[in-house]
Amino acid sequence: MDSQATPRKRQSKKERAAAVRKALDARNIVLIGLMGAGKTAIGRRLANRLDLPFTDADTEIECAAGKSISDIFAEHGEAHFREGERKVIERLLNEGTQVLATGGGAYMNEQTRTCIAKHGISVWLKADLDVLLSRVLRRNHRPLLKTGDPKAVMRNLMEQRYPVYGEADIAIQSRDVPHEVIVDEIVSALYNCPLLQIEGS
Ligand code: S3P
């Protein structure tokens with residue numbers, strides 16, 4: 001290393017967050033990952049850190065339909081839910097910069113993936129089976145987990161989805177640590193992400 005080089009000033013968390021927010025330039029941050037990965041909990045805190053609005057796509061789908069996701073699945077079937085999910089996410093991605101948490105199946109739709117790539121930076125919250133399972137078993141509102149043994153369902157979804165989730169711009173390991181630790185890691189990854197072209201990062 002050049003001993004004459006001036007050491008770069010270490011940035012505060014606030015400065016990093018501000019640099020990321022500025023570099024987003026109308027793009028969204030889109031959280032993807034399996035049920036239980038923490039997309040909503042982490043997404044809310046990430047939005048707070050970046051001083052951006054937070055939206056949960058599943059909540060928006062429920063508002064648009066006037067019923068819960070369980071009821072949409074039960075009354076109209078999964079295909080109907082997926083179509084609504086695609087439309088709602090496309091609308092949200094065009095609403096201006098925000099942190100958007102998507103349901104676990106959303107990124108499996110090719111049109112949705114293309115739309116996310118066009119309007120946002122995708123962040124995959126990756127987690128091990130045991131972590132996901134311990135979280136999803138705390139609640140019973142997810143229709144896909146009512147169709148069989150939750151462990152087998154989750155393992156199957158991991159096999160199908162992880163290769164596709166792997167297309168995301170950023171992957172962060174979600175695990176049982178304080179949410180703020182994961183938020184720090186996401187902000188650092190965004191700061192260093194070539195798509196954001198932050199000078200000096
Ligand atoms: C689904 C995940 C759920 C919800 C729906 C289907 C999936 O969202 O969209 O039950 O296909 O993985 P979360 O990932 O937020 O639980």
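Start at 1 and go down the list; that is how both ligands and their atoms are numbered. Since we're looking at a predicted model, the values are computed, not measured.
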Given 3.5 Å as the limit, does a donor-acceptor pair link the side chain of T97 with the main chain of N28, or not? no
Counting from 1, what ligand 1 atoms have a heavy atom of G105 closer than 4.0 Å? 7 (C), 11 (O), 12 (O)
Starting from atom 10 (O) of ligand 1, which protein heavy atom do you reach first, and at what distance in Å? P143 CD, 3.6 Å
For atom 11 (O) of ligand 1, which candidate among E78, K146, R82 holds the nearest heavy atom? R82
Does R155 pair with E159 as a salt bridge, N-O distance under 4.0 Å? no
Is E85 paired with R82 through a side-chain N to carboxylate O contact shorter than 4.0 Å? yes
Carboxylate-amine/guanidinium proximity below 4.0 Å for R49 and D184: yes
Given D58, I61, L145, T59, which has its nearest heavy atom closest to atom 4 (C) of ligand 1? D58
What protein heavy atom is closest to atom 16 (O) of ligand 1, reported as residue, atom name and distance in Å? R142 NE, 2.7 Å
Is E180 salt-bridged to K13, going by a charged N under 4.0 Å from an acidic O? no
When only distance counts, is I69 in polar contact with ligand 1, meaning an N/O pair under 3.5 Å? no
Looking at side-chain heavy atoms only, is the closest gap between L24 and L52 below 4.5 Å? yes
Hey, does K39 come in under 3.5 Å of ligand 1, counting only N/O atoms on both sides? yes
What I want to find out is whether R135 reaches D176 closely enough, with some N-O distance under 4.0 Å, to be called a salt bridge. yes
Looking only at heavy atoms, is any part of L144 under 4.0 Å from ligand 1, and if so is it the side chain, the backbone, or both, or is it neither? side chain
Would you say R161 contacts ligand 1, with heavy atoms under 4.0 Å as the rule? yes
